[in-house]
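The shown structure was predicted, so the numbers you read here are calculated from the model rather than taken from an experiment. Sequential numbering from 1 along the given sequence is applied to the chain's residues. As the structure lists them, so they are numbered: ligands from 1, and atoms in each ligand from 1.
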Amino acid sequence: MRSLIRDLLAADAPADSIKAAGWVRTRRDSKAFSFLEINDGSCLGNLQIIIDQGTPGSDELPKMTTGASVAIEGKLVASQGGGQKWEVQAGSVRLLGTAPDDFPLQKKGHSPEFLRSIAHLRPRTNLYGAMFRIRSRMSFAVHRFFQERGFHYIHTPIITASDCEGAGEMFRVTTLDPTEGKKQGFDRDFFEKATHLTVSGQLEGETFACALGNIYTFGPTFRAENSNTSRHAAEFWMIEPEMAFCDLTGDMDLAEEMVKYLVAEALEKQDGDLSIFEKFIDKGLRQRLEFVASNPFERLPYTEAVEILKKSGKRFDYPVEHGQNLQSEHERWLTEEHFQRPVTVFDYPKEIKPFYMRLNDDGKTVTAMDLLVPGIGEIVGGSQREERLDVLRANMERHGLSEEEYGWYVDTRKYGSVPHAGFGMGFERLLMFVTGMQNIRDVIPFARTPGHCEF
Ligand code: 4AD
Ligand code: MG
């Protein structure tokens with residue numbers, strides 16, 4: 001069995017016989033021996049191999065160029081040079097696959113744009129290898145966070161007949177062939193009705209919260225938003241907790257706790273992967289994350305946020321208007337410049353929010369909340385849900401939702417209705433925040449954005 005390079009580099013004693021395998025990062029030759037640096041993706045660090053002339057397999061050394069794959073056997077010994085604790089004195093080397101001269105990662109320093117065009121190879125770079133290991137660890141931490149708190153993981157559907165956000169940004173799911181000239185009515189379609197990829201698991205999640213108490217979903221969501229920004233993807237992953245017997249304050253508390261937990265996780269448990277982001281992407285990263293993990297967030301109502309923005313004297317591209325959505329430039333000014341910490345804005349005008357949010361006593365605002373973080377803006381959006389049957393029905397009517405189609409949702413209010421609340425956190429936005437990466441396309445393995453679905 002091969003050892004992972006991660007484990008070899010962390011060994012506490014030399015070993016007489018080890019096996020390792022990986023991709024060549026560099027090779028240096030001298031008269032009597034060669035050095036190979038190999039990486040197997042288990043960690044950021046490379047394993048250094050010393051191959052004396054005449055070692056079985058060393059005749060293939062000229063083909064062990066950057067990107068080639070190799071397997072080695074040998075002794076793990078204390079390293080002579082600086083930089084690493086252990087290295088391998090090879091007993092044998094074996095070339096598995098060559099990487100001809102056109103291997104695009106021979107050289108370093110490619111632009112993120114170019115690397116996106118080779119998304120199938122970019123995880124072999126140090127930066128993207130680290131990125132996707134962090135993504136894996138953070139996913140696991142999300143589950144741990146909820147499981148430690150008694151939340152149940154619910155697999156809400158990906159194909160859905162409902163529209164949670166009502167923003168008309170859904171991808172249609174159909175088996176009808178648009179290139180076929182025949183009549184295309186729903187009666188001929190697979191589900192015999194209009195179906196779409198989900199924009200959020202919330203509505204289905206609510207039905208489970210109203211049975212199991214505290215639940216969460218964590219899965220892919222899809223939005224046909226034609227906004228080509230660095231923070232929007234057509235396919236992204238969302239984490240959505242839903243809590244029965246919970247109000248807006250409890251909801252905001254959980255969102256803050258979760259951001260802090262995940263930031264602390266990134267700081268503590270990434271085995272050095274975070275260091276590469278600190279070095280090449282954002283020098284202030286660690287300091288910012290440490291600040292976020294250990295300081296309270298700001299909380300204020302939408303109306304106050306609008307007043308502060310209006311008084312700011314700052315010239316925004318989009319004017320600040322009470323009753324309008326905050327633009328990301330407004331959100332970023334609040335969190336980056338004014339408060340200089342994460343900010344939760346709550347109680348938004350009902351006109352700009354979806355049907356399911358609970359109406360406040362003022363009759364004008366709903367119990368919505370958005371958590372904003374420096375560098376990104378909105379990372380979490382949530383609310384307390386309207387649990388009063390008559391108010392919900394009135395909201396649905398206002399939004400043109402029929403009780404015929406959403407009867408199952410109305411049932412949760414008809415039978416044993418309870419106050420409940422939840423939110424959605426964009427997983428990619430969280431990853432951008434903890435790594436300092438500026439573009440959502442660089443934190444998801446294969447990005448889907450308008451006009452782009454290459455892989
Ligand atoms: O604010 P949103 O639209 O909220 C909902 O979908 C609610 N149903 C969630 C809930 O209460 N259960 O989306 C939630 C989060 C946003 O704050 C953002 O972080 C992320 O999802 N998000 C996107 N991330 C990447 N690309 C997009 N196109 C995104 N749209 C939303
Ligand atoms: Mg939102």
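Look at Tyr356 and you'll find a heavy atom under 4.0 Å from some atom of ligand 1. Between Arg385 and ligand 1 there is a heavy-atom distance shorter than 4.0 Å. For Glu242, the heavy-atom gap to ligand 1 stays at 4.0 angstrom or more. Residue contacts with ligand 1: Glu378 is included, with a non-hydrogen atom under 4.0 Å away.
Gly424 O, 3.5 Å is the protein heavy atom nearest to atom 15 (C) of ligand 1. The protein heavy atom nearest to atom 12 (N) of ligand 1 is Glu240 OE2, 2.7 Å. Ranking the protein heavy atoms by distance from atom 26 (N) of ligand 1 puts Ala233 N, 3.0 Å first. Protein heavy atom closest to atom 20 (C) of ligand 1, with residue, atom name and distance, is Gly426 CA, 3.6 Å.
Using a cutoff of 4.0 Å between basic side-chain nitrogens and carboxylate oxygens, Glu257 and Arg149 are scored as salt-bridged. Looking at Glu256 and Arg299, a side-chain N of the basic residue comes within less than 4.0 Å of a carboxylate O on the acidic one, giving a salt bridge. A salt bridge links Arg388 to Glu386: at least one charged side-chain nitrogen sits closer than 4.0 Å to a carboxylate oxygen.
Only the side chain of Glu225 comes within 4.0 Å of ligand 1, judged by heavy-atom distances. The side chain of Ile440, and not its backbone, has at least one atom closer than 4.0 Å to an atom of ligand 1 (non-hydrogen atoms only; side chain from C-beta on). Looking at Phe236 against ligand 1, only its side chain comes within 4.0 Å, counting heavy atoms. Under 4.0 angstrom from ligand 1, there are no non-hydrogen atoms of Pro354. Contact annotation for Glu165 and ligand 1: only side-chain heavy atoms (C-beta onward) come within less than 4.0 Å of the ligand. Contacts between Arg429 and ligand 1, counted as non-hydrogen atom pairs separated by less than 4.0 Å, involve the side chain only.
In terms of polar-atom proximity, Val199 is not counted as a contact of ligand 1, lacking any N or O under 3.5 Å from an N or O of the ligand. Note: an N/O pair closer than 3.5 Å links Ile379 and ligand 1 by distance alone.
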- Message: Walk me through whether Glu148 and Tyr261 qualify under side chain to side chain contact (heavy atoms under 4.5 Å, CB included).
- Response: CA-CA 12 Å; Glu148 280 173 354; Tyr261 182 94; 3.4 Å; yes
- Task: Step by step, work out the side chain to side chain contact (heavy atoms under 4.5 Å, CB included) result for Lys350 and Lys364.
- Result: CA-CA 6 Å; Lys350 67 177 179 195; Lys364 292 182 196 152; 5.9 Å; no
- Message: Walk me through whether Arg332 and Glu337 qualify under side chain to side chain contact (heavy atoms under 4.5 Å, CB included).
- Response: CA-CA 8 Å; Arg332 291 186 57 174; Glu337 299 192 33; over 6 Å; no
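Note: Arg124 CZ to Asn126 CG = 13.5 Å, rounded to the nearest 0.5 Å. To the nearest 0.5 Å, the span separating OG1 on Thr207 from CG on Asp411 amounts to 10.5 Å. The line from CG of Leu47 to CG of Asp40 is 8.0 Å long, rounded to the nearest 0.5 Å. To the nearest 0.5 Å, atom CE of residue Met357 and atom CE of residue Met369 are 9.0 Å apart.
Applying the 4.0 Å criterion to heavy atoms of Cys164 picks out, from ligand 1, the atoms 8 (N). If you number the atoms of ligand 1 from 1 as listed, the ones under 4.0 Å from a heavy atom of Gly381 come out as 1 (O), 9 (C), 10 (C), 11 (O), 17 (O). Listed by number with element, the atoms of ligand 1 under 4.0 Å from a non-hydrogen atom of Ser200 are 6 (O), 8 (N). Listed by number with element, the atoms of ligand 1 under 4.0 Å from a non-hydrogen atom of Gly382 are 11 (O). Every atom of ligand 1 with a heavy atom of Arg231 under 4.0 Å away is listed here by number and element: 25 (C), 26 (N).
Residue Phe146 is tested with Phe140, Tyr153, Tyr216, Phe218 for a ring-ring contact (aromatic ring centres under 6.0 Å, His included); the sole match is Tyr216. The only option from Arg231, Arg441, Arg135 that meets the salt bridge (charged side-chain N to carboxylate O under 4.0 Å, His left out) definition with Glu428 turns out to be Arg135.
Relative to atom 2 (P) of ligand 1, the option among Gln202, Arg223, Met238 with the closest non-hydrogen atom is Arg223.
The main-chain N or O of Arg6 is found under 3.5 Å from a side-chain atom of Ser42 such that the two form a donor-acceptor pair.
Contact annotation: Glu378 places an N, O or S atom under 2.8 Å from the Mg ion (ligand 2).
Using a 3.5 Å distance cut-off with no hydrogens or angles, the side chains of Tyr409 and Glu403 do not pair a donor with an acceptor.
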